[in-house]
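Since the structure comes first, as structure tokens, the remarks are kept for the end.
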Amino acid sequence: MSKRFYITTPIYYVNDKPHIGHTYTTVLADVFARHHRMMGEEVYFLTGTDEHGQKIEKTAAARGITPQQLADEVMPNFENLWKRMGLTNDHFVRTTHAQHKAVVQERFKQLLDTGDIYKATYKGLYSVSDEAYVTETQAKELQTQGLAHQLVELEEESYFFKLSTYEHWLIQLYEKYPDFALPDFRLNEVKQFVAPGGARGNLQDLSISRTSITWGIPVPGDDRHVVYVWFDALLNYLSACREGFWPPTLQLVGKDILRFHAVYWPAFLMAMFRQEGEDLNGELPARIRALLPKTILAHGWWLMGEDKMSKSKGNIVRPDDLLRFGNDAGRYFLLRDMQIGHDRSFSFEGFMERLNADLANGLGNLASRSLSMLQRYRGGVVPVAVLFDDLDREVAEQGRKIAPVYLALAEKHDFSGALDHLWAYLRYLDGYIVKAEPWKLAKDDANQAKLDTVLCQLYRSLRATAILVAPVMPELAQQLWESLGMAGKVVEQRFADFQYEASAPGPVGEPKPLFQRIDKETVMKEMAEPTLAAPTAVAETPVEYAPLKENIDYDTFSKTDLRVGLVITAEAVPKSKKLIKMTVDLGFETRTILGGIKEAYTPEELVGRKIVVVANLAPRTLMGFESQGMLLAASDSNSMPYLIAPPADAKPGFIVK
RNA sequence: GGCUGGGUAGCUCAGGUGGUUAGAGCGAGGGUCUCAUAAUCCCUAGGUCGGCGGUUCGAGUCCGCCUUCAGCCA
């Protein structure tokens, strides 16, 4: 039986709109899956959606539909995207699947029976505005912002998972099997969390149920409770596992959710799989280790410049931006530019430069010139290399090494390094062509054997490249494969069977451009057009409609004095996450106004903008500054604020009504 | 505040255990070839290797302090 490879992505929250982060994780998983299939392994590739929780419940209620209807409606945002991108996930799990619910309930009950889950009272600080419990750190932050009044201490009955029981085994897992979580600096963070400074007894038990939510999986035997997020979500990897594939070989996660995957998740599994007589304070049994995921791989984030992406800054990169030049181009870029584990800033220009340099000028041009010479000088029939000088020998040597080195780097999860290495080789081949000058050899009968050698080596190198990059760029690799006169599907090739010097089967085809060079300036111009006041287009995900407030009469409304204002200066308020301090010209006077829009707008982009101001609002002091008014912005509870913008020719001081 | 990890050419980054003129890719400038997708190839970057001090015959490379950025602290 061949080796098995079970790879997962996190399940994505259905309410989110897919962005480059989701795309990156899932593409990465797809590349791994394809790569391991070409290694001859049996692969099971799982992704899906997380569909429970309060947000879904609320949004659905506001729209007058059931949470399930809402989930059904938005789930395709993900599933269809992956289909459109040609991803090869073997299954798409939803936490609303009956199978999943059954497994969660069954496991919950099991752990209830073993005493790993118990009922108690949950106490914590609850943020009224966020409708969620907050952490100590978050609470402190709110207090420094003067928002302490939003916090209330709340108590509710909850089921707890005895996380503390597994501290010893967890620490052993990290110490003895450091490849359990990668990269190593992320594992360190996990260790610090479980045992800060090596201290024991820091793990607190985990609340895994809620009575305040109804949209979720009922706790077996106590349906006032619903299973809370992580015990529900993480178990998808178990509930949707295909027979015979357990445990997961590689689980991809963003760095933000590593902790849940590297602490809670193995602890849940330890609790489920442990047997009588196994000492929780002794050695971690090898039997248990073998039932836990082999590796959790945490990747970094795509940033815009220094910043995280945010919806209303208009700097969020959507899958379609990435797919603008084709699926394969996007895939290549994601894999080549992101070093796994590290953050990376995205720029559209960098994206295009990478594609031009590597795909058009690099591989595309090399294939084009090689194939064209094979056609022109040898009628498309690939000759056999017979005569080798030092340069040819070196090229052959490099050629034989390219696949082993590439595969070794890929084995270490380093596709960026592998592609980098392969492209260095392609550059080297361009140099080889210039040194060998096949166009001169062709003119001299005495040099025909030498010309054969050069053409043959180029052919072999391209064939190796087509196979190696097939998991990353399946379409482009197939096209190259066919141009080289090879039959069948390149993805059906097996790395182990590959031989650099294998003979060529058939005449090569006409060279077709593998990747069309991008005219950067034209594209940038096109993209610049539609960006106006609204930073991004309307979200595709359903808006969360807040319930209407009670009616008021006209007189009440007319007491509000709304004015057009022009932002003259703007600066971020130090130590505040949200506030920006602005000087606003109201025509008849100038005001200082503070607005909580820092997450959505930078001070620079505010200057010169016209906004709408509530001009007769009593002044209020925020973070030590007096705000003499309030600005108007639109949002739902999911989105960043969108500033309300008067038309360009409205003058400061105009009344808005 | 505690614990990590960074600050190296315009940009993105390499630089095991200290040792001659600090490297790569991209971008930019100049030149070349003509098989090729105005592609290739060659040359060109005068970088106080964040700052100060120390150890050493000799330090991006070790030590201390400072500064700054990022991550984790349920």
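Note on naming: letters A, B, ... go to the chains in the order of the sequence lines (proteins, then strands), and numbering restarts at 1 for each one.
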Is a donor from one side chain sitting under 3.5 angstrom from an acceptor on the other, for A:Y12 and A:D50?
no

Atom-to-atom span, CG of A:L187 to P of B:U4 - whole angstrom:
15 Å

Quantified in whole Å, what is the P atom distance between nucleotide B:U4 and nucleotide B:C62?
16 Å

For atom NZ of A:K412, is the number of surrounding heavy atoms from other residues, nucleotides or ligands below 6.0 Å larger than 12?
no

Where the side chain of A:D430 is defined as all heavy atoms beyond and including C-beta, which of B:G71, B:C35, B:U40 is the nearest nucleotide?
B:U40

Both A:R259 and A:K443 contact RNA chain B. Which one's nearest nucleotide lies toward the 5' end?
A:K443

What's the CG-C1' distance between A:N356 and B:U37, to the nearest Å?
10 Å

Please determine, for the side chain of A:Q192, which listed nucleotide (B:C3, B:U34, B:C26) has the closest atom?
B:C3

Let's go through A:E167 and A:R200 carefully: what are the C-alpha distance in whole Å and the side-chain angles of both, what is the deciding distance for salt bridge (charged side-chain N to carboxylate O under 4.0 Å, His left out) to 0.1 Å, and is it a yes or a no?
CA-CA 8 Å; A:E167 177 183 67; A:R200 301 302 163 99; 5.1 Å; no

Distance, C1' atom - from B:C41 to B:C35, rounded to whole angstrom
13 Å

So what does A:K255 hit on the nucleic acid, given a heavy-atom distance under 4.0 Å: a base, only sugar-phosphate, or nothing?
sugar-phosphate

For A:L366, report the nucleic acid contact type (base, sugar-phosphate, nothing); a contact means any heavy atom under 4.0 Å.
nothing

Expressed in angstrom and rounded to an integer, what is the separation of A:W302 atom CH2 from B:U12 atom C1'?
11 Å

At under 4.0 Å between heavy atoms, what does A:G364 touch on the DNA or RNA strands: base, sugar-phosphate, or nothing?
base

Which of B:C35, B:C73, B:C41 is nearest the side chain of A:R427? It is B:C41

Can you tell me how far C1' in B:U17 sits from the matching atom in B:G60, rounded to whole Å?
16 Å

Proximal nucleotide (of B:C41, B:U37, B:A36) relative to the A:V434 side chain:
B:C41

Nearest to the side chain of A:R344, which nucleotide is it out of B:C41, B:U12, B:U37?
B:U12

Between B:U61 and B:G16, how far apart are the C1' atoms? Round to whole Å, please.
11 Å

Checking base pairs now: Watson-Crick or wobble, both atom distances under 3.5 Å. What partners B:C65?
B:G51

May I ask you to check whether A:H168 and A:N281 show a side-chain donor-acceptor distance below 3.5 Å?
no

Which nucleotide in the set B:C26, B:A36, B:C35 lies at the smallest distance from any side-chain heavy atom of A:N365?
B:A36

Among the nucleotides B:G71, B:C35, B:A39, which one has an atom lying closest to any side-chain atom of A:N361?
B:A39

Syn versus anti for B:G60, judged by chi lying within 90° of 0?
syn

With a distance cut-off below 6.0 Å to the six-membered ring centre and an angular limit of 45° from the axis, does A:R324 pair with A:F348 as a cation-pi contact?
no

Which comes earlier along RNA chain B counting from the 5' end, the contact point of A:D256 or that of A:A357, where each point is its nearest nucleotide?
A:A357

Take atom CG of A:L426 and atom P of B:A24, then tell me their distance rounded to the nearest Å.
19 Å

Could you state the CG-P distance from A:N447 to B:C35, rounded to the nearest angstrom?
16 Å

Taking the P atom in each of B:G10 and B:C49, what is the distance between them to the nearest angstrom?
13 Å

Under a 3.5 Å cut-off for both contacts, is B:G1 paired Watson-Crick or G-U wobble with anything, and if yes, with which nucleotide?
B:C73

Measure the acute angle between the ring planes of A:F333 and A:F351, then classify it against the limits of 30° and 60° as parallel, tilted or perpendicular.
perpendicular

A:R354, nearest nucleotide to its side chain (from B:U37, B:G71, B:G25):
B:G25

Let me know the distance between CG of A:L419 and P of B:A24, rounded to the nearest Å.
21 Å

Report the base-pairing partner of B:A39 (Watson-Crick or G-U wobble, both distances below 3.5 angstrom), or none.
none

Distance between the C1' atoms of B:C57 and B:U20, in whole angstroms?
14 Å

Between B:U40, B:A74, B:G27, which nucleotide has the shortest distance from any of its atoms to the side chain of A:Y264?
B:A74

Nearest-Å distance, CH2 (A:W439) to P (B:A36)?
10 Å

For A:F260, which contact category applies under a 4.0 Å heavy-atom criterion: base, sugar-phosphate, or nothing?
nothing

Is a donor from one side chain sitting under 3.5 angstrom from an acceptor on the other, for A:T9 and A:T25?
no

Using Watson-Crick or G-U wobble geometry with both distances below 3.5 Å, tell me the partner of B:G60, or none.
none

Rounded distance in Å between the C1' positions of B:U8 and B:G50:
10 Å

With rounding to whole Å, what would you report as the distance between B:G25 and B:U21 at their P atoms?
22 Å

Once you apply the 3.5 Å cut-off to both distances, tell me the Watson-Crick or G-U wobble partner of B:G23, or none.
B:C13

When you check the gap from the basic side-chain N to the acidic O, do A:K123 and A:E153 get nearer than 4.0 Å?
no

Ignoring backbone atoms, establish whether A:R186 has a side-chain N or O less than 4.0 Å from OP1 or OP2 of B:G5.
no

Between B:C35, B:G27, B:U37, spot the one nearest the side chain of A:S368, thanks.
B:U37

To the nearest angstrom, how far is A:D444 atom CG from B:C35 atom C1'?
17 Å

So is A:R210 actually on top of A:Y228's ring, under 6.0 Å and inside 45° of the axis?
yes

Using a cut-off of 4.0 Å on non-hydrogen atoms, how would the nucleic acid contact of A:F193 be classed: base, sugar-phosphate, or nothing?
base

Heavy atoms under 4.0 Å, any strand shown: does A:L206 hit a base, just sugar-phosphate, or nothing?
nothing

Does A:R517 have a side-chain nitrogen or oxygen under 4.0 Å from the phosphate oxygens OP1 or OP2 of B:A39?
yes

